[in-house]
Amino acid sequence: MALDCIKTNLSIPHHNPKEERKDEQKPLVFDARVLSHQSSIPQQFIWPDTEKPKVNAPELLVPLIDLGGFLSGDPVAAMEASKLVGEACQKHGFFLVVNHGVDEKLIADAHRYMDSFFELPLSEKQKAQRKIGEHWGYASSFTGRFCSKLPWKETLSFRYSADKNSVKLVQDYFLNTMGDNYAEFGKLYQRYCECMSTLSLGIMELLGISLGVSKAHFREFFEDNDSIMRLNYYPTCQKPDLTLGTGPHCDPTSLTILHQDQVGGLQVFVDDEWRSINPNSKAFVVNIGDTFMALSNGKYKSCLHRAVVNSVAQRKSLAFFLCPKSDKMVTPPTELVDSCNPRICPDFTWAMLLEFTQKHYRADMKTLEMFKKWLQQTN
Ligand SMILES: C=C1C[C@]23C[C@H]1CC[C@H]2[C@]1(C)CCC[C@@](C)(C(=O)O)[C@H]1[C@@H]3C(=O)O
Ligand SMILES: O=C(O)CCC(=O)C(=O)O
Ligand SMILES: [Fe+2]
């Protein structure tokens with residue numbers, strides 16, 4: 001299986017059977033302060049030739065979808081925005097939104113707090129250390145989780161729930177893992193996640209309209225979302241053409257709302273080519289993930305993307321991964337299924353797909369395909 005090195009009892013073939021197993025290797029520590037300056041990098045970070053990045057991919061110019069009119073209730077603006085969203089999602093599964101209603105200062109603060117988190121000494125960040133088998137926490141690369149094709153990044157991930165019984169989940173996470181000094185961090189990211197959840201529900205309305213399903217259908221489905229927020233830090237690397245910050249993948253989640261800093265490094269695969277999405281502080285990059293691809297019965301594409309690193313400037317991004325409440329059945333609306341459009345995927349729950357990506361398969365560009373095989377084998 002593609003969860004490089006993690007033992008599994010599945011009989012789906014491993015992507016690269018020659019990869020060494022974790023227990024046959026020396027433990028590796030990803031210490032950005034040291035590794036950033038080294039002219040040679042440990043082999044675990046060197047990606048195979050077929051996946052090595054082109055650091056300066058040509059820029060892809062994408063139209064900015066203006067949400068201003070739609071968010072203020074203008075039905076004509078809603079139709080226009082939904083048409084653009086639909087076209088982008090049929091073609092490659094991603095688009096940029098501006099006038100999204102999220103306060104600029106909140107976004108700037110979310111970046112500032114992220115900067116100060118990753119600047120903390122390792123021992124402080126490790127208060128939130130992600131434990132094996134857990135989905136949340138601080139991870140310094142994924143040295144304990146995978147043993148090859150390691151990503152050149154540190155991440156802090158935490159859970160957000162829109163359920164009315166979990167109104168302070170993010171706030172409590174920071175207090176409980178990092179301590180009282182981080183109360184402001186918790187409050188800030190609680191607010192940021194709430195805004196991301198609200199924006200996602202608006203985009204779900206546009207997706208519903210564009211798919212010819214009611215405007216309320218997907219909004220209601222995600223109203224009690226149980227999502228993931230992730231802060232990504234990509235240190236500089238002296239060999240940026242050998243490694244990747246995040247390898248080529250489709251997000252297994254439903255919809256991703258990303259805000260990148262001014263450095264650049266996000267690339268999407270469009271028309272058989274990797275293209276750069278240049279930073280725009282006023283825009284969020286939105287992409288469809290595998291779960292929404294299944295919900296749209298394949299009408300909308302899960303977007304293939306990756307993040308490259310560079311030798312000059314460290315980079316950071318904020319990613320909100322919208323996910324359904326974990327036990328909700330992921331099934332497309334009846335309008336999207338008929339004899340010409342048979343089901344692309346059997347019913348599943350987000351809990352099942354999350355388990356698959358955390359325990360059995362390292363998410364990549366084939367996650368949905370491999371998950372379907374796994375579902376068939378386990379049922
Ligand atoms: C459910 C998730 C798994 C990952 C984080 C979220 C959504 C995207 C996934 C990921 C980023 C896809 C690329 C590989 C991965 C291992 C990573 O590089 O971080 C994935 C995340 C993960 O499994 O932690
Ligand atoms: O940092 C980026 O630009 C992309 C990150 C990403 O794709 C992810 O975390 O899933
Ligand atoms: Fe992603």
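First listed ligand is number 1; within each ligand, the first listed atom is number 1. We use all heavy atoms of the structure for the numbers below, so side chains are in, but hydrogens, waters and symmetry mates are not.
- Remark: minimum distance from atom 22 (C) of ligand 1 to any protein heavy atom is reached at Arg145 NH2, 3.4 Å.
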* So Asp271 and Lys91, side-chain contact (heavy atoms from CB on, under 4.5 Å) or not? Walk me through it. -> CA-CA 9 Å; Asp271 294 334; Lys91 189 162 190 270; 3.5 Å; yes
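- Asp251 and Asn287 are linked by a side-chain donor-acceptor pair at a separation below 3.5 angstrom, with hydrogens and angles left out of the test.
- For ligand 2, the polar-atom distance check finds no N/O of Arg230 at less than 3.5 Å from any of the ligand's N/O atoms.
- Side-chain atoms of Thr253 never come within 3.5 Å of backbone atoms of Leu255 as a donor-acceptor pair (strictly under, hydrogens ignored).
- By the 30° and 60° cut-offs, the orientation of the rings of His259 relative to Phe284 is perpendicular.
- Annotation: His249 places no N or O atom under 3.5 Å from an N or O atom of ligand 1; distance criterion only.
- Residue Ser317 has at least one heavy-atom neighbour below 4.0 Å for each of these atoms of ligand 2: 1 (O), 2 (C).
- There is no side-chain donor-acceptor pair under 3.5 Å between Asp226 and Ser161.
- Under the side chain to side chain contact (heavy atoms under 4.5 Å, CB included) test applied with Tyr189, the options Glu194, Met196, Met114 reduce to a single match, Met114.
- When only non-hydrogen protein atoms are considered, atom 18 (O) of ligand 1 lies nearest to Lys153 NZ, 3.0 Å.
- Contacts between Lys149 and ligand 1, counted as non-hydrogen atom pairs separated by less than 4.0 Å, are absent for every part of the residue.
- Less than 4.0 angstrom separates some heavy atom of Ala363 from each of these atoms of ligand 1: 12 (C), 13 (C), 14 (C).
- Between Phe185 and Tyr113, the gap from one ring centroid to the other is short of 6.0 Å.
- At the top of the distance list for atom 24 (O) of ligand 1, counting protein heavy atoms only, stands Arg230 NH2, 2.8 Å.
- Side-chain atoms of Ser166 never come within 3.5 Å of backbone atoms of Leu169 as a donor-acceptor pair (strictly under, hydrogens ignored).
- Scanning the protein heavy atoms around atom 9 (C) of ligand 1, the nearest turns out to be Pro252 CD, 4.0 Å.
- The shortest N or O to N or O distance between His305 and ligand 2 is below 3.5 Å.
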* **Gln376/Phe371 under side-chain contact (heavy atoms from CB on, under 4.5 Å): CA gap, chis, key distance, verdict** => CA-CA 9 Å; Gln376 279 157 7; Phe371 178 57; over 6 Å; no
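- The shortest separation from a heavy atom of Arg306 to ligand 2 is not under 4.0 Å, leaving the residue out of contact.
- Figure legend: Lys153 and Tyr233 shown without cation-pi pairing, the cationic atom not lying both under 6.0 angstrom from the six-membered ring centre and within 45 degrees of its axis.
- Contacts with ligand 2 closer than 4.0 Å are made by no heavy atom of Thr256, backbone or side chain.
- The nearest heavy-atom contact from the protein to atom 3 (C) of ligand 1 is Gln358 NE2, 3.6 Å.
- Listed by atom number, the atoms of ligand 1 under 4.0 Å from Asp251 heavy atoms are 8 (C).
- With a 6.0 Å cutoff to the six-membered ring centre and a 45° limit on the axis angle, Arg362 counts as a cation-pi contact of Phe146.
- Nearest non-hydrogen protein atom to atom 5 (C) of ligand 2 is Tyr234 OH, 3.4 Å.
- Between the Trp274 side chain and the Arg306 main chain, no donor and acceptor come within less than 3.5 Å of each other.
- For Gln260, the closest heavy-atom approach to ligand 2 does not fall below 4.0 Å.
- Atoms of ligand 1 lying under 4.0 Å from any heavy atom of Phe142, numbered from 1 in the order shown and given with element: 16 (C), 17 (C), 18 (O), 19 (O).
- If you put the vertex on the Fe ion (ligand 3), NE2 of His249 and NE2 of His305 sit 90° apart, to the nearest 10°.
- At a 4.0 Å heavy-atom cut-off, ligand 1 does not touch Cys323 at all.
- Taking OG from Ser317 and NE2 from His111, the interatomic distance works out to 8.0 Å, rounded to the nearest 0.5 Å.
- In Arg130, the part holding a heavy atom less than 4.0 Å from any atom of ligand 1 is the side chain.
- Using a 4.0 angstrom heavy-atom cutoff, His135 does not count as in contact with ligand 1.
- Within the 4.0 Å heavy-atom shell around ligand 1 one does not find Arg306.
- In summary, the atoms of ligand 2 found under 4.0 Å from a heavy atom of Asn232, numbered by their order in the structure, are 1 (O), 5 (C), 9 (O).
- Short contacts between ligand 2 and Phe321, defined as distances under 4.0 Å to a heavy atom of the residue, involve ligand atoms 8 (C), 9 (O), 10 (O).
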* Yes or no on ring pair (Phe, Tyr, Trp, His ring centres under 6.0 Å) for Phe292 and Phe218, after CA distance, side-chain angles and deciding distance? -> CA-CA 10 Å; Phe292 196 83; Phe218 296 116; 4.9 Å; yes
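- Under the 3.5 Å distance criterion, with hydrogens and angles disregarded, a donor-acceptor pair is assigned to the side chains of Thr246 and Tyr234.
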* Show the numbers, then the answer: is there a ring pair (Phe, Tyr, Trp, His ring centres under 6.0 Å) between Phe45 and Trp152? => CA-CA 7 Å; Phe45 289 94; Trp152 197 268; 5.1 Å; yes
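- Nearest N/O/S atom of Asp251 with respect to the Fe ion (ligand 3) is recorded as OD1.
- Contact annotation: Arg315 has at least one heavy atom less than 4.0 Å from an atom of ligand 2.
- Distances between N or O atoms of Asp251 and those of ligand 2 include at least one value under 3.5 Å.
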